[in-house]
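Quick notes on the structure that follows.
Sequence lines set the chain letters: A, B, ... in the order given, protein chains first and strands last, and positions in each chain run from 1. Everything numeric here is computed off the predicted structure, so don't read it as measured data.
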Amino acid sequence: MAQKPSIPKGTRDFSPLEMVRRNYIFDTIKGVFRMYGYMPIETPAMENLDTLLGKYGEEGDKLLFKILNSGDFLSKADKALLEAGDSGRVTGQISEKGLRYDLTVPFARFVVQHQNDLTFPFKRYQIQPVWRADRPQKGRYREFFQCDVDVIGSDGLLNEVELIQIVDEVYRQLNIRVVVKLNNRKVLAGIAEIIGEPNRMVDITVAIDKLEKIGLQKVNQELEDKGLSNEAISKLQPILALSGDNFSKLNALSSVLAYSEVGLKGVDELKIVLNHTKSLGLNTPVEVDLTLARGLNYYTGAIFEVKALDVEIGSITGGGRYDDLTGIFGLKNVSGVGISFGADRIFDVMNQLDLYPTDVTAATQLLFVNFGEKEAAFALKIANTMRKNGIRTEIYPDGAKMKKQMNYADKKGIRFVAIIGESELNSNQITIKDMNAGTQETLSVENAIQTVVSGL
RNA sequence: GUGAUUGUAGCUCAGUUGGUUAGAGCGUCGGAUUGUGGUUCCGAAGGUCGCCGGUUCGAACCCGGUCUUUCACCCCA
């Protein structure tokens with residue numbers, strides 16, 4: 001017996017229904033991106049490993065899928081390392097390619113490599129799968145699609161504003177209620193500076209990121225475990241306790257950060273962005289959230305995260321500004337900002353709330369029943385006429401039993417069935433059956449088109 | 001990477017203290033109905049009980065390993 005087939009852990013097949021739904025999401029997102037002047041690019045599924053390594057921190061390196069070299073790769077590896085079972089160092093010798101982990105780093109590579117062909121500010125979008133060797137769980141897959149929009153080569157905060165507008169528009173079109181959480185890495189740096197631990201910004205932000213999840217006490221405990229002084233932790237308390245609306249939070253921050261130049265700059269940036277989004281009158285609420293840190297090390301300014309209000313699933317969109325991403329690849333002083341829509345989580349949210357418009361899943365609208373060669377030949381011609389009138393039409397390929405063909409139409413949710421038998425052939429007419437109403441009439445081709453078009 | 005959890009027909013699940021031939025519903029296919037779907041009735045196909053090993057006279061059931069599912073941690077879309 002054949003072995004039971006399966007697919008790798010954390011990956012999925014998509015049925016026609018699922019694909020139609022996913023394409024609806026992708027098309028919506030693409031449409032909004034285009035509306036703001038972004039152009040598509042694609043990059044290879046695999047990159048050279050040295051492009052990817054070291055960009056996502058130690059954790060990220062572990063989550064990279066690595067591709068074995070071709071040929072007799074083991075013979076070229078260091079025998080001593082092999083013998084010692086030193087996987088970490090052996091992989092460097094037997095693998096030089098890896099699957100992309102996100103779209104931002106390949107984009108940075110792309111920009112540096114093609115810098116002379118690009119016009120800056122360069123606005124691109126990119127919708128492709130990425131892979132992470134994570135352990136799968138709710139809303140977390142090993143293969144998933146990201147929909148990135150970035151603008152690179154511009155410092156202007158209008159870009160941040162534009163990205164928030166895009167988020168607002170995409171989720172308005174998809175009919176998902178969301179909140180945009182906004183923070184600024186400069187504010188976080190300022191906080192670290194003020195409490196006298198300027199080098200511990202990452203530890204501090206990772207800890208306060210958990211405030212909502214584990215509570216104040218455990219956050220303080222974690223900070224203590226990481227070796228922060230009691231003095232620093234107590235200085236941090238008023239910042240963790242900040243509340244009120246965006247502008248009162250920011251005013252309070254201004255006084256706390258009065259002696260931090262970078263911190264004040266961050267507050268200022270937040271104010272500018274918020275003033276713009278406020279005057280634009282977006283549907284989506286925008287909240288300043290100091291607990292928002294995000295793991296990626298390369299953000300330097302704004303940090304965004306979008307959460308669905310009606311489903312518990314983590315963030316469905318995230319991003320921020322990175323001042324020196326291309327610097328690693330040798331192109332200095334180019335600032336970029338971008339966000340990534342997590343298509344698979346959006347898909348999960350849409351499924352859970354059943355937010356698809358009814359016409360999204362509609363496939364074939366008219367099926368021609370096949371009674372045999374002569375009838376099918378006639379149907380073939382009329383089917384083409386139908387298609388030219390914008391009706392999605394198919395002909396049943398075999399001269400099967402009527403029951404079977406009707407059943408097929410029923411299962412596929414096809415609204416109209418065209419029946420052409422001997423009597424229709426002789427009178428040069430077709431019978432159109434409305435599967436919803438169960439009624440049918442025999443008509444001329446012109447009238448049949450009328451009936452179908454007005455019935456849809 | 002750490003700690004749990006799941007696996008029996010295409011799907012959802014039963015399956016007694018370990019005991020002959022592993023069941024149901026839904027779905028699929030065929031028929032009742034040779035030009036009319038959904039409803040109904042009748043019938044059929046479909047299982048190495050995730051995989052490998054162990055205990056036992058005997059394992060779907062007990063034990064170990066492995067893979068898979070789901071969840072938490074870490075991290076993240």
field: Main-chain N/O of A:Pro136 paired to A:Asp134 side chain as donor or acceptor, under 3.5 Å
entry: no
message: Does any part of the side chain of A:Ile346, heavy atoms only, come nearer than 4.5 Å to the side chain of A:Phe145, both counted from C-beta?
response: no
query: Is a donor-acceptor contact shorter than 3.5 angstrom present between the side chain of A:Asp410 and the base of B:G37?
result: yes
- prompt: Does A:Gln137 have a side-chain nitrogen or oxygen under 4.0 Å from the phosphate oxygens OP1 or OP2 of B:A72?
  reply: yes
Verdict with reasoning, A:Phe33 to A:Phe341, per ring pair (Phe, Tyr, Trp, His ring centres under 6.0 Å): CA-CA 11 Å; A:Phe33 289 172; A:Phe341 289 79; 5.7 Å; yes
- prompt: Does the side chain of A:Ile67 reach to within under 4.5 Å of the side chain of A:Leu99, using non-hydrogen atoms?
  reply: yes
query: Is a donor on one side and an acceptor on the other found under 3.5 Å between the side chain of A:Asn48 and the backbone of A:Thr51?
result: no
A:Met435 side-chain proximity, nearest of B:C76, B:U36, B:G37: B:G37
message: Dot-bracket for RNA chain B, please. Rules: Watson-Crick or G-U, both distances under 3.5 Å, ( ) within the strand, [ ] when a pair crosses earlier ones, | for another strand, . otherwise.
response: ((((..(..((((.....[...)))).(((((.......))))).....(((((..]....))))))..))))....
- prompt: Atom CD1 of A:Ile414 and atom C1' of B:G37: how far apart are they, to the nearest Å?
  reply: 11 Å
Whole angstrom value for the distance that separates C1' of B:C76 from CG of A:Leu292: 13 Å
query: Can you find an N or O donor on one side and an acceptor on the other, under 3.5 Å apart, linking the side chain of A:Lys403 with the base of B:U33?
result: no
message: Nearest heavy atom decides the nucleotide; on that basis, is A:Pro8 or A:Gln146 closer to the 5' end of RNA chain B?
response: A:Pro8
N/O (side chain, A:Lys401) to phosphate O (OP1/OP2, B:G37) under 4.0 Å: no
message: Nearest to the A:Glu59 side chain among B:C75, B:U36, B:C71, which nucleotide is it?
response: B:C75
field: Any N/O donor-acceptor pair, A:Gln440 side-chain to B:U36 base, under 3.5 Å
entry: yes
query: Do A:Arg135 side-chain and B:U69 base share a donor-acceptor contact under 3.5 Å?
result: no
query: Would you say a side-chain N or O of A:Lys404 is under 4.0 Å from OP1 or OP2 of B:G30?
result: yes
message: Quick check on B:U28: is either OP1 or OP2 less than 4.0 Å from any side-chain nitrogen or oxygen of A:Lys411?
response: yes
message: Centroid separation under 6.0 Å, is that true for the rings of A:Tyr408 and A:Tyr396?
response: yes
field: hbond_proxy A:Glu424 side chain to B:G35 base (donor-acceptor, 3.5 Å cutoff)
entry: yes
- prompt: Has A:Phe144 got its ring stacked on the base of B:A77, with centres under 5.5 Å and planes less than 30° apart?
  reply: yes
Residue closer to the 5' end of RNA chain B, A:Ile316 versus A:Lys9 (nearest nucleotide): A:Lys9
